[in-house]
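Note sheet for the following structure.
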2 protein chains.
Amino acid sequence: MNGRFQIAIHILTLLSRANNELLSSEYIAGSININPALVRKEISNLRKKGLIKSKEGKAGGYSLGIPAHEIKLSAIYQAVKQQQILGQAKNVPNPYCPVGKQINKHLQHLYGEMEDVLSAKLGALNLAEFSTKFD
Amino acid sequence: MNGRFQIAIHILTLLSRANNELLSSEYIAGSININPALVRKEISNLRKKGLIKSKEGKAGGYSLGIPAHEIKLSAIYQAVKQQQILGQAKNVPNPYCPVGKQINKHLQHLYGEMEDVLSAKLGALNLAEFSTKFD
DNA sequence: TTCATCTGTAATAAAAAAAATTACAGTACA
DNA sequence: TGTACTGTAATTTTTTTTATTACAGATGAA
């Protein structure tokens with residue numbers, strides 16, 4: 001669960017409460033208290049996944065790409081997670097050790113199962129439900 | 001799921017296969033391919049949680065603190081996770097924004113639920129089972 | 001006793017990752 | 001044609017993680 005999930009869900013929550021009014025990156029950044037360029041960067045990613053629409057130019061800004069009740073939290077998680085969390089492809093364990101030789105494979109499998117239960121849990125919640133907490 | 005979990009489970013797997021023979025930090029470090037001081041540091045933590053026993057001095061080394069089948073993977077996870085993953089207590093969202101004001105509380109709750117399902121999943125597996133994968 | 005081989009721990013440095021900042025081209029409205 | 005936005009890249013700063021070095025203390029053995 002990295003910091004990007006937090007930013008992404010914050011952005012999406014703001015948009016889901018905006019009633020189709022466009023919000024600017026500066027406004028969003030003000031609510032999160034981070035730099036507008038970071039907001040635009042994360043939105044750039046979420047837009048590619050279809051979760052957000054943007055309009056350029058004067059009076060431009062952002063809105064949800066699909067209705068909030070169709071956005072499962074698992075979709076946000078998937079959109080934001082970079083690569084397999086599995087550690088450090090760099091740290092190559094000792095290939096001459098029976099444990100070192102295989103452990104990454106087994107951990108990979110274990111982590112996959114973990115992701116599955118997380119996704120299942122997050123898939124049971126959607127953005128509309130999450131947003132109502134702020135009423 | 002951070003890098004320390006990977007190191008911790010690697011250490012514990014080695015110990016569980018050592019048949020009560022003591023392993024040195026240097027041997028363990030050689031299998032993981034990291035620095036022996038890091039191994040000792042992580043073991044220092046796992047020892048405080050009772051998962052590992054150590055013996056100082058010449059011919060010293062490490063062994064499991066309790067039988068492998070009594071070590072749930074969730075216990076390893078708990079031992080290793082530092083603080084609530086919840087992001088950045090530093091990044092304080094805008095308190096004048098209805099979303100910014102409450103989002104950390106709601107995320108905290110959400111993350112708590114996530115931890116619960118993870119722990120449940122990991123609690124169904126123990127170190128002995130994990131170790132048999134290496135036979 | 002004294003040497004050799006370990007652990008325990010702290011201090012420091014190096015490397016990697018994350019976050020912030022700055023800058024500016026492109027777009028659209030008025 | 002000016003203004004207010006987005007899109008994106010380049011760069012710097014900060015934070016976190018990992019590695020290294022060092023050495024005191026413990027223990028067993030010659």
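Labels below follow one simple rule: chain letters A, B, ... track the order of the sequence lines, proteins then strands, and each chain is numbered from 1. Heavy atoms only: backbone and side chains are in, while hydrogens, waters and symmetry mates are out.
Whole-Å rounding puts the Tyr62(B) OH to dT5(C) P distance at 17 Å. Note: CD1 (Ile34(B)) to P (dT20(D)) measures 10 Å, nearest angstrom. The distance between atom CD1 of Ile28(A) and atom P of dG7(D), rounded to the nearest whole Å, is 11 Å. Nucleotide dT13(D) holds its P atom 15 Å from the CG atom of Asn35(A), rounded to whole Å. Taking atom NE2 of His10(B) as the reference point, atom C1' of dT18(D) lies 17 Å away to the nearest angstrom.
The structure places CG of Leu12(B) at 13.5 Å from CZ of Arg17(B), a figure rounded to the nearest 0.5 Å. The NZ atom of Lys81(A) sits 11.5 Å away from the CZ atom of Arg4(A) when rounded to the nearest 0.5 Å. One finds the CD1 atom of Ile76(A) at 7.0 Å from the OG1 atom of Thr13(A) (value rounded to the nearest 0.5 Å).
For the contact set between residues 12-27 of chain A and DNA chain C, defined by any heavy atom under 4.0 Å, there are no members. Proximity of residues 37-48 of chain B to DNA chain C (heavy atom under 4.0 angstrom from any strand atom) is restricted to Arg40(B), Ser44(B), Arg47(B).
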Side-chain atoms of residues 49-71 of chain B: list all donor-acceptor pairs with protein atoms under 3.5 Å, sequence neighbours left out, distances to 0.1 Å.
from: Lys49(B); atom 1: NZ; to: Asn45(B); atom 2: OD1; distance (Å): 2.9
from: Lys49(B); atom 1: NZ; to: Ala79(B); atom 2: O; distance (Å): 3.2

Show which side-chain atoms of residues 22-30 of chain A pair as donor or acceptor with protein atoms under 3.5 Å away, not counting sequence neighbours.
from: Ser24(A); atom 1: OG; to: Glu26(A); atom 2: N; distance (Å): 3.4
from: Ser24(A); atom 1: OG; to: Tyr27(A); atom 2: N; distance (Å): 3.1
from: Ser25(A); atom 1: OG; to: Arg40(A); atom 2: NH1; distance (Å): 3.0

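When every heavy atom of Leu127(B) is checked against every heavy atom of Leu73(B), the shortest pair comes out as N-CD2, 4.0 Å. Closest non-hydrogen pair, Gly123(A) versus Lys72(A), comes out as O-CD, 3.6 Å.
Residues satisfying the ring-ring contact (aromatic ring centres under 6.0 Å, His included) criterion with Phe130(A), sequence neighbours excluded, are Phe134(A).
Salt bridge Lys121(A)/Asp116(B): absent, no basic N to carboxylate O contact under 4.0 Å.
When only modelled atom types and interatomic distance are considered, Ser131(B) and Ser16(B) share a side-chain donor-acceptor pair under 3.5 Å.
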Below 3.5 Å is the cut-off: list the nitrogen or oxygen pairs between protein and nucleotides 26-30 of chain D, distance only.
from: dA26(D); atom 1: O4'; to: Glu56(B); atom 2: OE1; distance (Å): 3.1
from: dT27(D); atom 1: O2; to: Lys58(B); atom 2: N; distance (Å): 2.9

